[in-house]
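One structure below.
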Amino acid sequence: MKTWMRILAGATALVIGAGAVAPVAAQQPNTQFIGITGYRVGPYGANGAAFFGGFIDYLNLVNERDGGVNGVKLSWEECETEYNNAKGVECYERLKTRAGTGPTAIHPMSTGITYALMEKAPTDKIPLITFGYGRTDATDGRVFPWVFPLMSNYWDAATGIVKFIGDKEGGDAKLKGKKIALLYHDSAYGKEPIPVLEAEATKLGFELKTIPVPHPGNEQQSQWLQIRQYKPDWVILWGWGVMTATALQTAQKTGYPREKMVGNWWAGSEIDTVAAGPAATGYYAASLNLAGKSYPVTKDVESIVYKKANKGSKAELVGTVLWNRGVAAAMFTVEAVRTAQAKFGKKPLTGEQVRWGIENLDLNAAKLKSLGFDTMLPPLKLSCEDHGGSGQVRFQQWDGKEWKSASDWMKGDTVLVRKMIEESAAKYATEKGIKAGCLPG
Amino acid sequence: MTATAHPATDATAPLLAINNIEVIYDHVILVLKGVSLAVPEGKIVALLGANGAGKTTTLKAISNLLASERGDVTKGGIEYRGERIDRLNPSELVKRGVVQVMEGRHCFQHLTIEENLMTGAFTRSASRAEIRQDLEKVYTYFPRLKVRRTSQSGYTSGGEQQMTAIGRALMAKPRMILLDEPSMGLAPQVVEEIFEIVRDLNGREGVSFLLAEQNTMVALRYADYGYILENGRVVMEGAAEQLRSNEDVKEFYLGLSSAGRKSFRDAKHYRRRKRWLA
Amino acid sequence: MLYREAGQFRTSYAADQQLLPIRQDRILMAVLLAVAFVGVPLFASDYWLTALLTPFLVFALAALGLNILTGYAGQLSLGTAAFMAVGAFAAYNFQLRVPGMPILGSFVLGGLTAAVVGVAFGLPSLRIKGFYLAVATLAAQFFIPWLLVKVPWFTNNSSSGVITSQPIVILGYVFDTPGSKYLLVLAIVALMALAAKNLVRSRIGRAWMAVRDMDVAAEVIGIRIMRTKLIAFAVSSFYCGVAGALYAYAYLGSVEPDGFNLDLSFRILFMIIIGGVGSILGSFLGAAFITLLPIFLDVLLVDGALALGLNLPSGATSMVQLVVFGALIIFFLIVEPHGLARLWQIGKEKLRLWPFPY
Amino acid sequence: MSARDPEPGRRIGDTLLQVQHISLAFGGVKALTDISFDVREHEIRAIIGPNGAGKSSMLNCINGVYSPQQGEIRFSGSTFRKMDPHKAATMGIARTFQNIALFKGMSVLDNIMTGRNLKMRSNLLAQALYIGPNRQEELAHREKVEQIIDFLQIESVRKTPVGRLPYGVQKRVELGRALAAEPRLLLLDEPMAGMNIEEKQDMCRFILDVNDEFGTTIVLIEHDMGVVMDISDRVVVLDYGKKIGDGTPAEVRANQAVIDAYLGVSH
Amino acid sequence: MQFFFEVLIGGLLAGVMYSLVALGFVLIYKASGVFNFAQGAMVFFAALTFVGVQEKTGLPFWAVLPITLAVMVLLGILTERIVLRPLVNQPQITLFMATIGLAFFIEGLAQLIWGTEVRRLDLGIQDEPIAVMMDNFDMMVSSFDVTAAVVAGVLVAVLAVFFNKTRIGRALRAVADDHQAALAVGIPLKQIWAIVWSVAGFVALVAGLLWGARNGVQFALTFVALKALPVLILGGFESILGAIVGGLIIGAAEKLAEVYLGPMVGGGIEGWFAYMLALLFLLVRPEGLFGERRIDRV
């Protein structure tokens, strides 16, 4: 008994050794391969499941409905990162070996992993698409040619939120003398908006108090008592994971009105509000995309991917904020491929070619409409200088059941943000000895 | 040994009979290499031998405490009142009246003496009053325990702990107690006291004892019959008085030679051959 | 009989005290080193080098550090990742702020800084033991990353808290390919493993084990408990610190304080438990197992599901992975609580007798 | 049978250890009350008494594991209120324990090598590199340790982890570890507990040889009266933390207080 | 001053929530010497199962509770049977590691069965400031936290009676002291351990329900174990009373520190403050507040 168990254990070890030698390639030939470094377990597993669920649902849609991009079928492989940097790198390296083309474009969906891959990507010629996260100053594509913080970055979000609060108060001028508290996840991610908010505070004359919440943020009594004592007019919530729901619950507990709380786009999904229950009602959050199922693309996914092909990831997720965001992220990738195909031909493309496609992406309102996205996203046009392409945010409010749009697409202080981005990027370029400039297309 | 002295040949079957058992630890270490012995009802049987001879293992094989130490009875059988008990779990065994008092007492340190005694009655479904009565009975045997009933056993002396351990076993209303090294680490006077109680219990309650003991001298004074174990085998057995008068036992286990006890001062070293082993 | 030692006499204590007294072991080690230094860089793919072998070596080094503390000196620590963080950030700052600092110097200084911090957090071990100490080391685990995030100086005012390692240049040669980074890490790890082996078979190693096994007795024969434990903390943290620096420089390239979290500490603890507590070899085996197992499971599950034509949602595979990982750990602990190193030893014993069963 | 040498006066020297008015309590429970006695150079001194009499506590006070609340200890000319174990070791006091306190995870050789710890000098770096002086040192001490291994006749188990050894051999290894420190004063706490006659005889021989050959002074706790009476020069008797007798074995055996408290009538 | 008390009371009440989780650790540690790192995972599993069953069946609270309890008892028994029994007599660290493995297993299993979505757990207790306190003293005291504290109090009382006054309780304590001896007197170890794990499962369920109602049922529930660890060090691994008092102290000290000390050093100190506090405390009393002082007998 003992002996055979030992043998079995030894055999397990051996097999594991051997198994890693020959990872079987999962992709089919002559397809556009997309590597996905995703996460569906761990503290942010719920977020990942929604985002990557949408992402893959859209890829399936393109294959099922259109037969791929101009006839080139899409293939993909998802590698679980557990939101862990080291595992993210391993996944990246693994996906890199796949297909002739490599992973085409990577969505790390984690700022940490983005940073870990930042210097690998140029060497490997694989673009990183960081949709609403990652390194803010990478928006300057002259210094970061391989990184695309698509649409809007954290500083856009922060200034956008200030703008939104200003609007609610009746104009930016009314912000003078107001008190705003920033309740943030005490991590690199949470600290991102501080410099730009401080700059805004000086400029617009409001008072800013920053209150960190230590990870994971499932206990916020003391922070909210501080808020209760400080009595701010608005609370900006820069949360992630369980922290957001706890903040909303604790706000209720300490009697702070949720209508005076604005979250950023990682603190504004159903995951956050459902967990908080009734405490979330009235809470605002910035968003990169609208929630809802009424868009033609969503309907297509439901009817084609879910009903017809039965390849859907999870029906309950359809139309949620993060699912829609995943769909949008996939669409950006697909459209980048399409754009690049126009230049390089209708065949599986390399990461380098797709990079060009992303940089020359132009999704105007008409294009978005034709793709079935309507108002879910703002128009987007990238260039070498601007790897964001939009800088807009839109606000949604939780009505107790679902997210409802609460504003138009709007921009914050783009001048300030651009200035800070360029400064920061220039500093990075000096540090690293990078000669800023556009890559030849 | 004469046939009449062998307890197994008594007209009635022995209370406990062990037939040629083999015990292996960890699947490799053979500790008992075929041990057979018998305990007749109402007798005190001593299991003697040096450290590591297999005394404790024998007792644990009977009480089935081996499993938790990665030991296993691989051959032979153990019978209690004619029933095979080698696959019973300890709790079943206690219910049938076989209780072991382990070497080194093993009191529950954080429980009071009285709580310790009460745990002994765990397997019984007796009424509260009945248990209370038994508790009083234990106190009559061990008046010292009554005085210290509320003390945490961890803070009591070795002798008191040994008494607690025996008393705890008594609470299970045993017919047979497996007593492992009751004299270990106790002062001579206390050892005598404990053995007197053992004799008392045997006489008055009719409890049979199988006691493993290194202190051959004392053990043979109180036992009816004895087995000597060496290296996992029974090498000698016989009625206590026979063993006591056996020359070899005298020399090797009692430290007596025919010319009286040999002084430790005069013990000689026989230098052994140097061994080559890395 | 493959592993027969008969006929190999050791006639002096010097011969008996060599690192590998048995000839077969020496041959095996030579082959292993040759493969690691020559064969692997020649034949392994970039994926192997970057994603498997380099992290394996880095983790093995950290596991070695933890094993010195936990396996040899008997002080259970859950703060390994924090000491790695100290090493990484200290190396970064030395490299950044001291002009002309050689990179290896930074690694050593990073290790030394971690050693100092390790000693500071080791001080409570003089009073507290076992799980109390283990939980106390969590204080380090939570405090150090907090401090690194909180004080911008440590991260050179990086708004995100992420530091990007400087290029590794030694004597003008730039280590920027996966192969060269692997070789650098391999050389460092091999040297430090040798040093660890020497330490544990010298006076200090015996003192550690003595304190681990029976501290009162150790004190009575004249071992200074306090010093011995603190040296263990220092040496262990030094190893973890260097491992942290290599983690940042040779493996990930950029790190953030939050990356050195409790998960990482646990991961390394797993390595020594699975590999073998109190065994140098075990640190390596454990690191290999823990690094490769999830990847293997991942590949196996994904490809296995594909091969079987199952449409396993990728979420499910991740869960299954977690379940299997947990189950395997338990399985291993039950089958061989002394770890892979013991399995290896048993295997050797068997080979020694082979083909005879006894 | 009682005195060891025809002329003990010539063998036994001056006072080496003097225990003066030692009192020790654990949270109010008195373990030792005003104990005084002395141990002379080259002597074998036994401490006897019932369980819980404070014998082990006495040893623990002598080598500093416990610190007595009152009294002092004089050892080879210096006086201590509180000895610490490390200092005791450097001054040449070695010790074995009632319940074997070997380092279970280590081999016999390594266990005994730890006894040489105080005599080794190499620094950490030298040890890590294992070159030159450290290597020489390790080998030199190995030589010494092998002598002890020879003396105790445990050559065949030198590489065996002590946890796997039989009890009697473990006791021997523990003696070896204490001897490796080349002590002036050796404290033995029940070195023969749980041994059979043969093993006890062996152990007695070792103790006597150590005493004879190395001139080591020995303080010994033992329950076996036969052993105590045979090999010790003088005996201290403790009962409930108090000293109730002190003298040669013959004197102690005749002491009525000792008989009442400990020896009992039937022995 | 009013604010100080508000923080203090809030802290004490939060501390009770920590104690709830710490209790599960104490129970298992006491009875089997296992430092059960999977307690957090068990809390998560309990809450998730509860919500999952509720979702699937639509049954009311009082019907789902026994079902979940049954699942937890089953989990406890299986854990004992499959994980711990084969590991009897192994060093504590091995058992500890096994429970980490168990934690992974349970976390994976829970999500495999019920999915990763974040769910709401509604106990029908509104988490709002108690009006009386608010109106009369301008003090914010959460109704939810007070309820939780009452539940915790009842739980502790029940456990105390169970341990000290019942035959099984005595057997549990006996097993905790010396399982070999317990076996020898006929206490069926396996059943006892199964009972312990079941009780721990029950405590995990209570903690899971309260924490789940507080933060939503999601993976992060496993993190509440990290909040319980300093409570354990402070209170002692073996003391139920210690878990409660430790929780109160940690809760109060942590909140006061974050509010009054935090701003001076940039805040966010709660993550480690409790650990540091426990560490400093240990330097004074190494056995914890109510832990058994170990007497080293040599």
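Chain A is the first sequence line, chain B the second, and so forth, proteins listed ahead of strands; every chain is numbered from 1. Because only heavy atoms are used, hydrogens play no part in the values below, and waters and symmetry mates are left out as well, while side chains stay in.
Using the six-membered ring where Trp is involved, Phe289(C) and Phe332(C) have ring planes that are perpendicular, over 60° apart on the 30 and 60° scheme. Ring geometry for Tyr275(E) against Phe142(C) counts as tilted: the plane angle lies between 30° and 60°, on a 0 to 90° scale.
Using a 4.5 Å cut-off between heavy atoms, Gln111(E) contacts chain C through both its backbone and its side chain. Looking at Ala98(E), both its backbone and its side chain come within 4.5 Å of chain C, counting heavy atoms on both sides. For Phe273(E), no part lies near chain C; criterion is any non-hydrogen pair under 4.5 Å. Both the backbone and the side chain of Ile269(E) come within contact range of chain C, judged by heavy atoms closer than 4.5 Å. With a 4.5 Å cut-off on non-hydrogen atoms, Phe325(C) touches chain E through its side chain but not through its backbone. With a 4.5 angstrom heavy-atom cutoff, Thr70(C) touches chain E only via side-chain atoms. Only the side chain of Leu78(C) has a heavy atom closer than 4.5 Å to any heavy atom of chain E. Only the side chain of Phe266(C) comes within contact range of chain E, judged by heavy atoms closer than 4.5 Å. Only the side chain of Ile273(C) comes within contact range of chain E, judged by heavy atoms closer than 4.5 Å. For a residue to count as touching a neighbouring chain, one of its non-hydrogen atoms must lie under 4.5 Å from one of that chain's; by this rule Thr99(E) does not touch chain C.
Listed options Leu262(C), Leu138(C), Ile329(C) were ranked by heavy-atom pairs under 4.5 angstrom with chain E; first place goes to Leu138(C). Contacts with chain C were tallied for Leu95(E), Leu280(E), Ile100(E), Ile82(E); Ile100(E) has the most, counting heavy-atom pairs under 4.5 Å. The greatest number of non-hydrogen atom pairs below 4.5 Å with chain C, out of Gly108(E), Gly267(E), Gly271(E), is found for Gly108(E). For the options Leu87(E), Thr94(E), Leu229(E), Leu282(E), heavy-atom pairs under 4.5 Å to chain C are most numerous at Leu282(E). The residue among Val265(E), Ile106(E), Thr116(E), Leu109(E) with the most heavy atom pairs within less than 4.5 Å of chain C is Val265(E).
Note on Arg173(E) versus Glu238(E): no salt bridge recorded, every NZ/NE/NH1/NH2 to OD/OE distance being 4.0 Å or above. Ion pairing of Glu80(E) with Lys190(E) is absent here, as no side-chain N (NZ or NE/NH1/NH2) approaches a carboxylate O to less than 4.0 Å. For the pair Glu270(E) and Lys255(E), the salt-bridge criterion is met [side-chain N within less than 4.0 Å of a carboxylate O].
Counting non-hydrogen atoms of neighbouring residues, nucleotides and ligands closer than 6.0 angstrom, the CE atom of Met276(E) exceeds 12 such neighbours. Crowding of Arg127(C) atom CZ: a count of heavy atoms from other residues, nucleotides or ligands under 6.0 Å exceeding 12. More than 12 heavy atoms of other shown residues, nucleotides or ligands fall within 6.0 angstrom of atom NZ in Lys150(C).
The stretch residues 98-118 of chain E participates, sequence neighbours left out, in these salt bridge (Lys or Arg N to Asp or Glu O under 4.0 Å) pairs: Lys314(A)-Glu117(E).
Not a single side-chain hydrogen bond (donor to acceptor under 3.5 Å, both in side chains) links Lys30(E) to another residue, sequence neighbours left out.
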